[in-house]
J.: 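Input: one structure, supplied below.
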Amino acid sequence: MELTDPPEARLMGSGDSPEDDADAYRELAADIASGVAVVATRERGHDVAATVTGYLDVSCDPPTMLVSLYGDGRIADAVQSAGYWTLSLLAADQQGIANWLASPGNPVFGLLNQVPFRRAPATGAVVVEGALAWFELRTVDTMQAATHLVVVGEVVSMGRGMESGRADDPLVHFASDYRGLRRAPGI
């Protein structure tokens, strides 16, 4: 049933400053629940990695995914240059890894010294140990979208980082905070 009164809305660019529009957008976009993952690649012999929440399963024929990377970040340059990358889906108990790899100004060299990882079979890019699942991808397309680089990749290998029966508690970003999905016993 259609209601007659319009929804309460903020019209972008209707007199408030662009900064006010951006703040209002940020507040509402925080209500989007997103899985948390790590994107990694190798550039000039060095590992580069970052925490992301903007990624998507695109297709299963052929297996294809996409990720949105901040365009001015090291990871966007490295992924674009390398032409391949991994996506490790984090478990709720891996919040420390997510925080570390999301920190601005973390070191270029030795970035992953405190993160347990293995190497993906086709490219040698980092796969975070204990991730729920991981995907190794070859870039097939990129495009600029506002401040971000959208990277589309075709899966060349994939795996599970933990026993499938234990992969029931992903790390989720919601309301500007990290959360798990596992329910307390008896709920």
Side-chain angles (χ1 to χ4, degrees), residues 25-42 47-70 73-76 78-79 84-104 106 111-139 145 148-187:
Y25 173 80
R26 233 179 254 107
E27 180 182 341
L28 293 175
D31 290 343
I32 300 170
S34 302
V36 180
V38 169
V39 169
T41 193
R42 288 184 61 77
D47 295 312
V48 182
T51 301
V52 296
T53 56
Y55 60 91
L56 178 67
D57 160 36
V58 174
S59 174
C60 63
D61 187 19
T64 305
M65 303 184 91
L66 69 78
V67 66
S68 176
L69 305 171
Y70 179 61
R74 284 191 307 241
I75 191 67
V79 165
Y84 63 86
W85 42 287
T86 56
L87 184 73
S88 298
L89 309 182
L90 298 183
D93 64 359
Q94 293 178 308
Q95 181 177 337
I97 293 170
N99 284 336
W100 170 246
L101 294 176
S103 300
N106 52 20
L111 174 67
L112 296 167
N113 286 352
Q114 63 189 34
V115 177
F117 67 89
R118 297 179 191 274
R119 298 276 177 197
T123 65
V126 165
V127 172
V128 176
E129 179 67 14
L132 300 177
W134 59 268
F135 304 88
E136 183 178 24
L137 303 106
R138 178 182 54 82
T139 301
H148 282 63
L149 177 70
V150 176
V151 183
V152 180
E154 190 172 314
V155 176
V156 297
S157 75
M158 59 189 168
R160 189 168 292 289
M162 60 174 44
E163 297 172 25
S164 62
R166 294 191 47 236
D168 64 348
D169 197 19
L171 184 59
V172 176
H173 191 260
F174 175 73
S176 301
D177 199 7
Y178 293 118
R179 303 161 192 266
L181 291 183
R182 185 171 287 156
R183 293 182 175 180
I187 293 182

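Position 1 is the first residue of the sequence; numbering continues from there.
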J.: Return the CG to OG distance between L66 and S59, rounded to the nearest 0.5 Å.
T.: 11.5 Å
J.: Name all residues meeting the side-chain contact (heavy atoms from CB on, under 4.5 Å) criterion together with A125; count only those two or more places apart in sequence or in a different chain, and write none if there are none.
T.: Y84, T86, T123
J.: Please give me the minimum heavy-atom distance between V52 and S68, naming the atom from each residue.
T.: CG1-O, 4.4 Å
J.: Could I get the full list of side-chain contact (heavy atoms from CB on, under 4.5 Å) partners for A50, not counting sequence neighbours?
T.: I75
J.: Suppose we screen for salt bridge (charged side-chain N to carboxylate O under 4.0 Å, His left out). Which residues come up paired with R42, at least two apart in sequence or across chains?
T.: D47
J.: Given side chains that start at C-beta, do those of V79 and V48 come closer than 4.5 Å, heavy atoms only?
T.: no
J.: Taking W100 for its side chain and L111 for its backbone only, find out whether a donor-acceptor pair lies under 3.5 Å.
T.: yes
J.: Return the set of residues passing ring pair (Phe, Tyr, Trp, His ring centres under 6.0 Å) with Y70 (not counting sequence neighbours), or none when no residue passes.
T.: H148
J.: Can you measure from CD1 (I97) to CZ (F117) and round to the nearest 0.5 angstrom?
T.: 11.0 Å
J.: Which value, rounded to the nearest 0.5 Å, describes the distance between N99 atom CG and N106 atom CG?
T.: 11.5 Å
J.: Taking only residues two or more places apart in sequence or in another chain, which ones pass side-chain contact (heavy atoms from CB on, under 4.5 Å) with E129?
T.: P116, R118
J.: Is there side-chain contact between W134 and V128, with at least one heavy-atom pair below 4.5 Å?
T.: no
J.: Give the minimum heavy-atom separation between G124 and E136, together with the two atoms involved.
T.: N-OE2, 4.0 Å
J.: To the nearest 0.5 angstrom, please state how far the CG atom of L90 sits from the OG1 atom of T53.
T.: 11.5 Å
J.: Which distance, rounded to the nearest 0.5 Å, do you find between the CG of L137 and the CE of M158?
T.: 10.0 Å
J.: Over all heavy atoms of both residues, which pair between T64 and V155 is shortest? Give the atoms and the distance, please.
T.: N-CG2, 4.4 Å
J.: Taking all non-hydrogen atoms of both residues, which atom of R119 and which atom of V126 are closest, and how far apart?
T.: NH1-CG2, 3.9 Å
J.: Distance-only check: which donor-acceptor pairs under 3.5 Å involve side-chain atoms of residues 173-180, not counting sequence neighbours?
T.:
unit_1: R179; atom_1: NE; unit_2: F174; atom_2: O; d: 3.3

J.: Measuring from R74:CZ to T41:OG1, what's the distance to the nearest 0.5 Å?
T.: 13.5 Å
J.: Closest approach of A91 and L171, non-hydrogen atoms and distance?
T.: O-CB, 3.5 Å
J.: Which heavy-atom pair separates L112 from A49 by the least distance, and what is that distance?
T.: CD2-CB, 4.2 Å
